[in-house]
Amino acid sequence: QVQLFESGGGSVQAGGSLRISCGGSGRIYSSSVMGWFRQAPGKEREFVALIRWNTGRTLYADSVKGRFTISKDSATNTVSLEMNALKHEDTAVYYCAKGVQYSTYEVDYNMWGQGTRVTVAS
């Protein structure tokens with residue numbers, strides 16, 4: 001059973017950068033998809049980015065494309081999200097999740113971390 005743990009959240013000024021990471025206990029199988037989602041105050045949780053573990057294929061939400069980069073480290077079972085040119089509207093709790101479908105839908109992910117808060121001051 002894989003458990004996920006996020007780290008690296010915090011506060012940053014608009015235009016700044018932040019890197020958040022997600023570690024997994026247990027093995028992440030090559031067929032897995034690792035995703036990042038976020039939930040802003042008063043809003044529904046939304047897809048941010050995903051990466052397929054075996055191919056490294058990635059997908060991004062339009063709102064973060066060109067600013068955020070998802071990456072993986074197979075040696076440490078870690079997936080990271082590098083966030084640049086942050087905007088106030090990026091403020092949210094960020095969750096990592098594991099699934100098997102190359103999907104932007106929450107229902108296709110069966111393992112979730114506890115979330116890490118990112119606050120972007122305008």
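Here, residue 1 is the first one in the sequence, and each next residue gets the next number. Because the structure is predicted, anything quoted here is derived from the model rather than measured.
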Same apolar cluster: [X] and [Y], side chain cutoff 4.5 Å:
X    : Y   : answer
I20  : V79 : yes
I70  : F68 : yes
W112 : F47 : yes
M34  : L50 : no
L18  : V93 : no

Looking only at atom types and distance, does a side-chain atom of [X] sit under 3.5 Å from a main-chain N or O of [Y], one as donor and one as acceptor?
X    : Y    : answer
R67  : A85  : yes
T78  : T76  : yes
H88  : V120 : yes
Y102 : I51  : no

Yes or no on side chain to side chain donor-acceptor pair (under 3.5 Å) for S21 and S80, after CA distance, side-chain angles and deciding distance?
CA-CA 4 Å; S21 295; S80 296; 3.0 Å; yes
Relative to the ring of F37, is the ring of Y109 parallel (under 30°), tilted (30 to 60°) or perpendicular (over 60°)?
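Because their plane-to-plane angle is over 60°, the rings of Y109 and F37 count as perpendicular.
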Is it true that the NZ or CZ of R45 lies under 6.0 Å from the centre of Y95's six-membered ring and within 45 degrees of the ring axis?
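Because its charged atom sits under 6.0 Å from the ring centre and within 45° of the axis, R45 does stack over Y95.
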Examine R117 relative to Y94 and say whether NZ or CZ is less than 6.0 Å from the centre of the six-membered ring and inside a 45° cone about the ring axis.
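Judged by the rule (NZ or CZ under 6.0 Å from the ring centre, within 45° of its axis), R117 is not positioned above Y94.
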Does Y60 form a side chain to side chain contact (heavy atoms under 4.5 Å, CB included) with T69? I'd like the steps, not just the answer.
CA-CA 8 Å; Y60 296 92; T69 302; 3.8 Å; yes
Can you name the nearest heavy-atom pair linking S122 to Q13, along with the distance?
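Smallest interatomic distance, heavy atoms only, reads O-OE1, 4.3 Å.
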Between G115 and E6, what is the shortest heavy-atom contact and its length?
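Here G115 and E6 meet closest at N-OE1, 2.8 Å.
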Looking at D90 and K87, is any side-chain nitrogen of the basic one under 4.0 Å from a carboxylate oxygen of the acidic one?
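No, no charged N to carboxylate O under 4.0 Å.
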May I have the step-by-step check of side chain to side chain contact (heavy atoms under 4.5 Å, CB included) for M83 and V118, ending in yes or no?
CA-CA 10 Å; M83 304 181 289; V118 171; 3.9 Å; yes
Verdict with reasoning, S17 to N84, per side chain to side chain donor-acceptor pair (under 3.5 Å):
CA-CA 4 Å; S17 299; N84 298 313; 2.8 Å; yes
Does any donor atom in the side chain of K72 or S74 lie under 3.5 Å from an acceptor atom in the other side chain?
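Checked: K72/S74 side chains pair up, N/O donor to acceptor below 3.5 Å.
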Counting only heavy atoms from other residues, nucleotides and ligands, does the tally under 6.0 Å from OH of Y105 exceed 12?
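No, OH of Y105 has 12 or fewer neighbouring heavy atoms, counting only those of other groups under 6.0 Å.
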So W53 and N77, do their side chains get closer than 4.5 Å, heavy atoms only?
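The answer is yes; the side chains approach within 4.5 Å.
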Flag side-chain contact, heavy atom, 4.5 Å: L4 against K98
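Yes; the side chains approach each other to less than 4.5 Å.
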With side chain to side chain contact (heavy atoms under 4.5 Å, CB included) as the test, pick out the partner of R57 among N54, L59, T55.
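Only one option passes, and that is T55.
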As an exercise, state the distance from [atom1] of [X] to [atom2] of [Y], rounded to the nearest 0.5 Å.
X   : Y    : atom1 : atom2 : result
E44 : E46  : CD    : CD    : 10.0 Å
S32 : N110 : OG    : CG    : 8.5 Å
L81 : R38  : CG    : CZ    : 9.5 Å

